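The sequence lines fix the lettering, A, B, ..., with proteins before strands; numbering per chain opens at 1. Worth saying up front: this structure is predicted, and the values here are computed from it rather than measured. Heavy atoms only: backbone and side chains are in, while hydrogens, waters and symmetry mates are out.
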There are 2 protein chains.
Amino acid sequence: MPKTVDHAERRARITAALVRVVARTGLHTVTLRAVAAEAGVSLRLVQYYFETKANLVHATLRALEEQSQRRWADRLAGLPSPVTARAFTEAFCAEALPTDEASRAFHLIWTSYAVLAMTDPELAARPFVAGPNHLEAQLSDALAAARAAGELPRTADPAIEAARLLALSHGLGTSVLVGQRPPEAALAVLRHHLTELFGQRAAGGSGGATA
Amino acid sequence: MPKTVDHAERRARITAALVRVVARTGLHTVTLRAVAAEAGVSLRLVQYYFETKANLVHATLRALEEQSQRRWADRLAGLPSPVTARAFTEAFCAEALPTDEASRAFHLIWTSYAVLAMTDPELAARPFVAGPNHLEAQLSDALAAARAAGELPRTADPAIEAARLLALSHGLGTSVLVGQRPPEAALAVLRHHLTELFGQRAAGGSGGATA
DNA sequence: AGTTTTATGGTACGGCGGTACCATAAAGGT
DNA sequence: ACCTTTATGGTACCGCCGTACCATAAAACT
């Protein structure tokens, strides 16, 4: 049949435009017309690919979920091959901190959606439970392995420590988003926590030692 | 002159209505008409006491600030007079967790406003920086005193520990709000952290010991 | 008693946003 | 060549929301 354009690509372009609008002016300013303008397409096109606004919003959330998983996977894939548990954990948790501008935008929109999901029964709260749960389980497994390898004290409970690490990271991330402290300060607190958790053995970072 | 009604009381009644609307259906559903209906007054009255919607929103934020301070003050005032540093700290941090329904509503709306402030330059981000900073300073002072009294290891840095405690508490609070874990689980993680921080001396709780 | 001020109700207006409707160009199949 | 389907544009409609305007009851002060 006719023109047959790549639907997935169009939809991705539009949801990306929505993400940019949210990052710039907030979720409450998202309108079909604003998204269309940001994406450089007509209002009608946005309607064409996502019948309704609710659809668009949901689709964007799903896109964010995938982006989130890709984000963590990429970060962890970039680590040196024989990695210490401490370095792995630090990378894992640091990904929850809005350091660069892209990361900040991502966490801002994610938080916006999370707040929306707290009251809107239409919007599935599932991603905000399953997502963190998945991360927590992943981290818990890594910590269990580290403990088995003797990199973590035997007294530490992997599940509790994973929960504590991620809650701490998320709390620090929010404080950065809100402008309470710079990203470096948040990272310093996180490192302090890691040092306490793993004990004082060498931190494994190949860079200069921090004073 | 005439009827002379208590303006402060009327304004308080209306901002309280706004808070209830947010807690129930989210900040994005707040409309002057909805607030008026919730408060049981006419739309015109809301306009009369707060000329504009932006005014109402800002006034409600100020009311929330006061409510926040009162919340913490009341909680701490309710503690037994000779209180251990650990019990004080636990009460202080637990106040950041949405345990009962009122607390949940409060933290939900506070978070909603915080997210709004991340992009809206009209809405002062100040409360979300000054507020936490004040809490952090308060807690830091308490920890310093506890350290001086020998209740906290001399190696602990009060400022860092205060930041870490509040970030952790806030992160746990969010995970509860979002439905990732029940309040008791969040409290358990917090207690674990406190035990590690203060060491294994008696926890000071006069109630039954938890298994 | 009258007047002025406060407090309150009702309502209309203008704008914006989501959705629906009507067109039409382009491309593939027959 | 023609028809059918896809992709796209434009636009109109309806509803809701913030704001402004017009009224009026009630109460203090003179």
OP1 or OP2 of dA7(C) sitting under 4.0 Å from any side-chain N/O of Arg10(B)? no
Using a heavy-atom distance cut-off of less than 4.0 Å, which residues of residues 12-19 of chain A contact DNA chain D? none
side-chain hydrogen bond (donor to acceptor under 3.5 Å, both in side chains) with Thr25(B): which residues, sequence neighbours excluded? Thr29(B)
Salt bridge (Lys or Arg N to Asp or Glu O under 4.0 Å) pairs touching residues 58-67 of chain A, sequence neighbours excluded, are Glu65(A)-Arg126(A)
So for the helix from dA1(C)-dT30(D) to dT30(C)-dA1(D), with five pairs setting each end axis, what is the inter-axis angle to 10°? 10°
Rounded off to whole Å, could you give me the CG-to-C1' distance for the Leu45(A) and dG9(D) pair? 8 Å
Could you pull out all residues at least two apart from His134(A) that satisfy side-chain hydrogen bond (donor to acceptor under 3.5 Å, both in side chains)? none
Trp110(B) and Phe106(B) aromatic ring geometry - parallel, tilted or perpendicular at 30°/60° bounds: parallel
Should Thr31(B) and Val35(B) count as side-chain neighbours, where that means a heavy-atom distance under 4.5 Å? no
Determine whether more than 12 heavy atoms belonging to other residues, nucleotides or ligands lie under 6.0 Å from atom CZ of Arg13(A). no
Between dT8(C) atom P and Arg11(B) atom CZ, what is the distance in whole Å? 13 Å
List for me each residue that meets side-chain contact (heavy atoms from CB on, under 4.5 Å) alongside Ser140(A), sequence neighbours excluded, and say none if there are none. Pro158(A), Ala159(A), Ala162(A)
Quick check: are there more than 12 heavy atoms from other residues, nucleotides or ligands sitting under 6.0 Å from CD of Glu122(B)? no
Just N and O in the side chain of His7(A): are any of them under 4.0 Å from OP1 or OP2 of dT6(D)? no
Closest nucleotide of DNA chain C for Gln47(A) versus for Arg44(B): which of these residues is on the 5' side? Arg44(B)
Restricting to salt bridge (Lys or Arg N to Asp or Glu O under 4.0 Å), what partner residues turn up for Arg20(B), sequence neighbours left out? Glu38(B)
Taking only residues two or more places apart in sequence or in another chain, which ones pass side-chain contact (heavy atoms from CB on, under 4.5 Å) with Ala188(B)? none
Counting only non-hydrogen atoms, which of residues 48-57 of chain B are less than 4.0 Å from DNA chain C? Tyr48(B), Tyr49(B)
Classify the angle between the aromatic ring planes of His193(A) and His193(B) as parallel (below 30°), tilted (30 to 60°) or perpendicular (above 60°). parallel
Can you list the residues that meet the salt bridge (Lys or Arg N to Asp or Glu O under 4.0 Å) rule with Arg181(A), with sequence neighbours excluded? Glu136(B)
For atom CG of Leu43(A) and atom C1' of dA23(C), their distance in whole Å: 16 Å
Could you pull out all residues at least two apart from Leu43(B) that satisfy side-chain contact (heavy atoms from CB on, under 4.5 Å)? Leu32(B), Arg33(B), Gln47(B)
Stretch residues 27-39 of chain A: residues that reach within less than 4.0 Å of DNA chain C through a heavy atom: Val30(A), Thr31(A), Leu32(A), Arg33(A)
